[in-house]
Amino acid sequence: TLDLADRKDPCFVKFSEMEKMANMKAEINEVQPLLLTIVSTLLFYFTGKKCEILQDMNRHLEAVLKEKRTLRKMLIKHRCQESLPIEATFHKYVVELLAEAVTFVDNLESHLQTVRSIPQIPNVMKNMGTALRKTEMLTMELEDLADQILKWSKLQKDVCSD
């Protein structure tokens, strides 16, 4: 009889909503343990993968440390005896590059000196300020002395003319 009744009445709408919610809760309760097992399996799998990757990296670093002396010799060894063939079309650029390299080496010492002097700039500026103040003082004294000489010269002319 309930199936034959009109389901649009408010009491039946509420009843059907509650029935849907109960069904959803039941499905969630069924799926939840399965999801937990899947998540724990995936977590275990990816943790194992990370552990393997870290072990591989560790083995590689240990091998590098064992070969440290050989690597150091390779880095110290001059490579200028070994040369790679350069196509003829690039010879012009190689010559230009060598000219640039020579210019760079020529200017390197002056650039290094400039970089070394950067920490001394505050002291240099302070000394320049002191020198500027002394120069201003000497300029004022010189102007006073010039005025005194002009006055003395005028006085001497006046004495001579009397």
| query | Hey, what do you get for CG (Leu42) to OG1 (Thr37), rounding to the nearest 0.5 Å? | reply | 9.5 Å
| query | Between Glu109 and Arg116, is the closest basic N to carboxylate O distance under 4.0 Å? | reply | yes
Per-pair distances, 0.1 Å, donor-acceptor, side chain in residues 139-156, under 3.5 Å, sequence neighbours excluded:
unit_1, atom_1, unit_2, atom_2, d
Thr139, OG1, Thr135, O, 2.7

| query | So with a 6.0 Å cut-off around CD of Gln55, is the heavy-atom count from everything else above 12? | reply | yes
| said: Does any part of the side chain of Val102, heavy atoms only, come nearer than 4.5 Å to the side chain of Leu98, both counted from C-beta? | reply: no
| field | Rounded distance [0.5 Å steps], CE in Met128 versus CD1 in Ile121 | value | 11.0 Å
| query | Side chains of Gln32 and Asn29: does their closest heavy-atom pair fall under 4.5 Å? | reply | yes
| query | Going from CD on Gln120 to CG on Asn127, what distance comes out if it is rounded to the nearest 0.5 angstrom? | reply | 10.5 Å
| Can you tell me if Asn58 uses its side chain to pair, donor with acceptor, with the backbone of Leu54 under 3.5 Å? | no
| Quick one: CD1 on Ile53 to CE on Met57, what's the gap to the nearest 0.5 Å? | 9.0 Å
| query | So how far is it from Met137 CE to Leu132 CG, rounded to the nearest 0.5 Å? | reply | 12.5 Å
| task | Apply the test side-chain contact (heavy atoms from CB on, under 4.5 Å) to residues Asp56 and His60: give CA-CA distance (whole Å), side-chain angles for both, the deciding distance (0.1 Å), then the verdict. | result | CA-CA 6 Å; Asp56 288 342; His60 175 70; over 6 Å; no
| Could you state the interatomic distance from CG (Leu108) to CG (Leu112), rounded to the nearest 0.5 Å? | 4.0 Å
